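This is a predicted model, so every value here is computed, not measured. Here, residue 1 is the first one in the sequence, and each next residue gets the next number. Note that these values count all heavy atoms, side chains included, but never hydrogens, waters or copies made by symmetry.
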Amino acid sequence: NGGTPIVEAARFSGRQPTMQSTLSTAQTSCSSWPSAGLVLLAPGGLPAEATPLMATLLAAEPSAVLPVAAGDPHAQLAQLLRGQPGWLLPLANDPAADLRDSGCWAEVLGAWRQPAVMLVSPEQAVAGPARAYTALMQMMNVPLVGVVQLGLPWLPDQRRGDTVPW
């Protein structure tokens, strides 16, 4: 997108959100979340195809597009937190990328103690970004709900020992 990161926000429909994986099915409702919403992030930025997939799995409906570079990320997050609960905020840019005067999204999310889910590709799961970005989120005090691998192969024996909250 030419260096201009875009953030899409989605609101949950009235249905109970459900996320399915190849290993288990987890159900959650936005009323039981520790925050008004959830941020989706990924090393290098969230792939465009991940947003509709995760929105579908979480029974979310797109409702707004926020240009991250156009304003203060603290103000943008505050705006979402003042709104209806149950929002989903996929970050199109890398959570460690510089945001000029605001540090990076990882710092912003940590300052607000905003829960997040990290999405990784199978290559990122085995090559180290999953561990590195998990450590970054911990260092920045971002409540990392978990890490989701998008794509196959899923290698559970290898994932058990890598200290990532899959």
Side-chain angles (χ1 to χ4, degrees), residues 1 5-10 12 15-60 68 73-74 77 80-81 85-99 102-166:
N1 62 8
I6 300 297
V7 176
E8 296 178 48
F12 290 109
R15 301 179 306 233
Q16 174 136 347
T18 304
M19 179 183 289
Q20 297 179 357
S21 72
T22 56
L23 297 178
S24 65
T25 300
Q27 280 197 337
T28 183
S29 72
C30 56
S31 64
S32 65
W33 287 13
S35 176
L38 185 65
V39 173
L40 297 177
L41 51 87
L46 198 66
E49 65 274 8
T51 299
L53 173 64
M54 292 305 293
T56 298
L57 291 173
L58 294 170
V68 174
H74 289 281
L77 193 54
L80 284 171
L81 291 169
W87 49 262
L88 179 65
L89 180 69
L91 293 181
N93 62 319
D94 188 297
D98 185 45
L99 294 175
S102 299
C104 67
W105 268 104
E107 290 177 79
V108 172
L109 297 174
W112 286 84
R113 300 298 187 264
Q114 177 56 52
V117 171
M118 182 169 46
L119 307 177
V120 297
S121 68
E123 297 79 20
Q124 291 171 326
V126 298
R131 286 187 208 147
Y133 278 75
T134 296
L136 173 66
M137 295 303 121
Q138 290 171 345
M139 185 177 84
M140 296 293 173
N141 295 311
V142 177
L144 189 59
V145 175
V147 180
V148 176
Q149 177 181 314
L150 294 177
L152 297 174
W154 173 249
L155 305 169
D157 292 335
Q158 290 180 7
R159 299 292 71 80
R160 280 189 196 100
D162 61 14
T163 68
V164 172
W166 297 104

Roughly how far, to the nearest 0.5 Å, is the CG atom of L150 from the CG atom of L46?
8.0 Å
Side-chain heavy-atom pair W166, V120 within 4.5 angstrom cut-off
yes
Spell out, as yes or no, whether a donor-acceptor pair under 3.5 Å connects the side chain of R113 to the backbone of G110.
yes
Any L99 side-chain heavy atom under 4.5 Å of N93 side chain
yes
Looking at every heavy atom in both P115 and V145, which two are closest together, and how far apart are they?
CB-CG2, 3.9 Å
How about V117 and V39: do any of their side-chain heavy atoms sit closer than 4.5 Å?
no
Is there any side chain to side chain donor-acceptor pair (under 3.5 Å) pair reaching into residues 132-144, and which pairs are they, with sequence neighbours excluded?
D94-Y133
With sequence neighbours left out, the residues meeting side-chain contact (heavy atoms from CB on, under 4.5 Å) with E107 are C104, M140
Are the side chain of Q149 and the backbone N or O of P153 linked by a donor-acceptor pair below 3.5 Å?
yes
Do V148 and M118 make a side-chain contact, defined as non-hydrogen atoms from C-beta onward lying under 4.5 Å apart?
no
Specify the closest pair of heavy atoms between A125 and D162, including all atoms of both residues, with the distance to one decimal.
O-OD2, 4.4 Å
Is L89 close to L77 at the side-chain level, that is, under 4.5 Å between some pair of heavy atoms?
yes
Can you check whether S121's main-chain N or O pairs, donor with acceptor, with Q124's side chain at less than 3.5 Å?
yes
Salt bridge (charged side-chain N to carboxylate O under 4.0 Å, His left out) partners for D98, two or more places apart
none
Any side-chain heavy-atom pair of P95 and M137 under 4.5 Å:
yes
From CG (L41) to CG (L119), nearest 0.5 Å
7.5 Å
So, the side chain of Q114 versus the backbone of L81: is there a donor-acceptor pair under 3.5 Å, distance only?
no
Checking L38 against M54 for the side chain to side chain contact (heavy atoms under 4.5 Å, CB included) test, could you report, in this order, the C-alpha distance in whole Å, the side-chain angles of both residues, the deciding distance, and whether it holds?
CA-CA 11 Å; L38 185 65; M54 292 305 293; over 6 Å; no
Quick one: closest heavy-atom pair of V108 and S102, and the distance?
CG2-O, 3.8 Å
